[in-house]
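Take a look at the structure below.
The structure displayed is predicted, hence computed values, not measured ones. Every number for a ligand or one of its atoms is a count from 1 in the order of the listing.
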Amino acid sequence: MPSTFSFSRSISVANSFTAPLHALRDKVILITGAGDGIGKEIALSYAKHGAICILLGRTVSKLEAVYDEIIESGGQEPAIVPLDLNGATPQNYSDMGSTIIDQFKQLDGLVLNASVLGMLCPFAEIKPNEWQEAMQVNVNANAYLIQGLLPALKKSPSASVIFTTSSVGRQGRKFWGAYSVSKFATEGMMEVLADEFQAEAIRFNCINPGATRTDMRAKAYPAEDKSQLKTPEEIMPTYLYLMCSESQSVTGSVFDCQPK
Ligand SMILES: NC(=O)c1ccc[n+]([C@@H]2O[C@H](COP(=O)([O-])OP(=O)(O)OC[C@H]3O[C@@H](n4cnc5c(N)ncnc54)[C@H](OP(=O)(O)O)[C@@H]3O)[C@@H](O)[C@H]2O)c1
């Protein structure tokens with residue numbers, strides 16, 4: 001069970017971590033936003049290390065492509081959960097938790113990766129529907145998802161929950177409006193849960209991927225030279241570290257994949 005409790009912002013060995021090939025053998029891990037960008041790479045990487053991945057996302061064709069890639073590379077058969085986090089209800093998440101217990105007995109890992117960027121604009125111009133969507137997908141869905149999946153996480157001898165933050169979740173930035181506020185809430189949720197569960201076998205941490213070559217980054221910075229950005233594959237050591245037994249005693253921390 002987690003013993004170190006720091007609420008620290010870690011610049012750590014996690015970024016150069018190398019996981020043994022079968023480090024995640026038979027671990028059942030759910031990844032949100034698993035069809036594209038960083039979430040897709042997390043699923044491929046965990047499957048490569050032996051995990052049974054539950055791929056949650058809203059575009060079925062993208063999830064099926066990740067499923068095929070995992071099977072073709074010899075990974076364990078994943079499960080697909082098509083779900084729009086903007087419309088899902090707490091009941092959906094609680095049903096999902098029961099199904100996971102029925103099918104897999106327990107949940108060993110949860111990566112809360114899916115997010116929407118929304119419009120980058122002056123605060124006064126944020127449309128109510130844009131604000132609502134960012135809060136629903138980036139914050140509320142994660143809270144209800146954790147509530148629904150806690151019974152399955154508690155059945156694991158050592159579960160890891162990874163939230164996804166951003167540098168605008170620790171220092172507000174003009175024009176990043178709802179997205180920035182949602183990432184402050186994300187870090188707060190992680191700290192509340194880490195404190196609440198510090199005597200139990202579930203650890204809660206955040207990862208800040210840093211500038212990474214994905215569609216979201218391209219939307220935020222359309223003019224930049226993408227070749228200068230890290231690829232999702234290059235930031236996987238931190239995601240592997242927090243899911244492997246080497247991080248068993250780590251909870252309440254924020255990990256920067258690309259510290260300044
Ligand atoms: N890339 C960066 O530079 C960077 C930097 C800091 C933090 N982050 C964080 O890293 C995480 C991953 O970002 P990314 O760059 O990989 O983003 P991305 O390329 O836009 O991928 C986001 C994923 O989330 C899914 N998603 C979005 N809305 C959803 C919804 N309503 N229901 C279900 N799934 C939904 C998307 O599904 P569809 O493909 O079906 O739309 C997609 O698979 C995010 O939390 C982001 O805030 C990224």
inquiry  = Taking a cutoff of less than 4.0 Å between a non-hydrogen atom of the residue and any ligand atom, is K183 in contact with ligand 1?
reply    =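 Judged by the 4.0 Å heavy-atom criterion, K183 does count as contacting ligand 1.
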query = With a 4.0 Å cut-off on heavy atoms, is T32 touching ligand 1?
reply =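 Under 4.0 Å: no for T32.
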Using a strict 4.0 Å cut-off to heavy atoms of [X], name the atoms of ligand 1 that fall inside it.
| X | value |
| --- | --- |
| G37 | 16 (O), 19 (O) |
| G33 | 23 (C), 24 (O), 25 (C), 43 (O) |
| D84 | 30 (C), 31 (N), 32 (N) |
| N86 | 31 (N) |

Can you check which of [options] brings a heavy atom nearest to [atom]?
| atom | options | value |
| --- | --- | --- |
| atom 3 (O) of ligand 1 | T212, N113, V111, V60 | T212 |
| atom 17 (O) of ligand 1 | E41, Q136, M216 | M216 |
| atom 39 (O) of ligand 1 | K230, K40, K62 | K62 |
| atom 4 (C) of ligand 1 | A211, G210, A220, A114 | G210 |
| atom 7 (C) of ligand 1 | T165, N208, L63 | T165 |

Taking N or O atoms only and a 3.5 Å limit, does [X] qualify as a polar contact for ligand 1?
| X | value |
| --- | --- |
| T214 | yes |
| R217 | no |
| T164 | no |

Basic-acidic side-chain contact under 4.0 Å: E234, R213 =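 Looking at R213 together with E234, the answer is no, because their closest N to O distance does not fall below 4.0 Å.
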key: Atom CZ of R173: over 12 foreign heavy atoms under 6.0 Å   =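 Counting neighbours around CZ of R173, more than 12 heavy atoms of other residues, nucleotides or ligands fall under 6.0 Å, so yes.
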query = If you draw a 6.0 Å radius around NZ in K40, do more than 12 non-hydrogen atoms from other residues or ligands fall strictly inside?
reply =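 No.
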Using a 4.0 Å heavy-atom cut-off, which part of [X] comes near ligand 1: side chain, backbone, both, or neither?
| X | answer |
| --- | --- |
| L85 | both |
| L229 | neither |
| L83 | backbone |

query = Going only through I, L, V, M, F, W and Y residues with side-chain contacts under 4.5 Å, is there a path from I80 to L30?
reply =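 Result: no, two separate clusters.
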request  = Name the closest protein heavy atom to atom 28 (N) of ligand 1, giving the residue it belongs to and the distance to 0.1 Å.
outcome  =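 Sorting protein heavy atoms by distance from atom 28 (N) of ligand 1 puts R58 CZ, 3.3 Å first.
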task = Mind running side chain to side chain contact (heavy atoms under 4.5 Å, CB included) on N86 and R58 for me, showing each step along the way?
result = CA-CA 10 Å; N86 196 28; R58 65 179 164 184; over 6 Å; no
inquiry  = Using every non-hydrogen atom in the two residues, find where C206 and T165 come nearest and quote the distance to one decimal.
reply    =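 Of all heavy-atom pairs spanning C206 and T165, the closest is CB-CG2, 4.0 Å.
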query = Does the side chain of Q132 come within less than 4.5 Å of N129's, by heavy atoms?
reply =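 Contact flag for N129/Q132 side chains = no.
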inquiry  = In the structure I gave you, are the side-chain heavy atoms of K127 and M119 within less than 4.5 Å of one another anywhere?
reply    =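 No, every pair of side-chain atoms sits at 4.5 Å or beyond.
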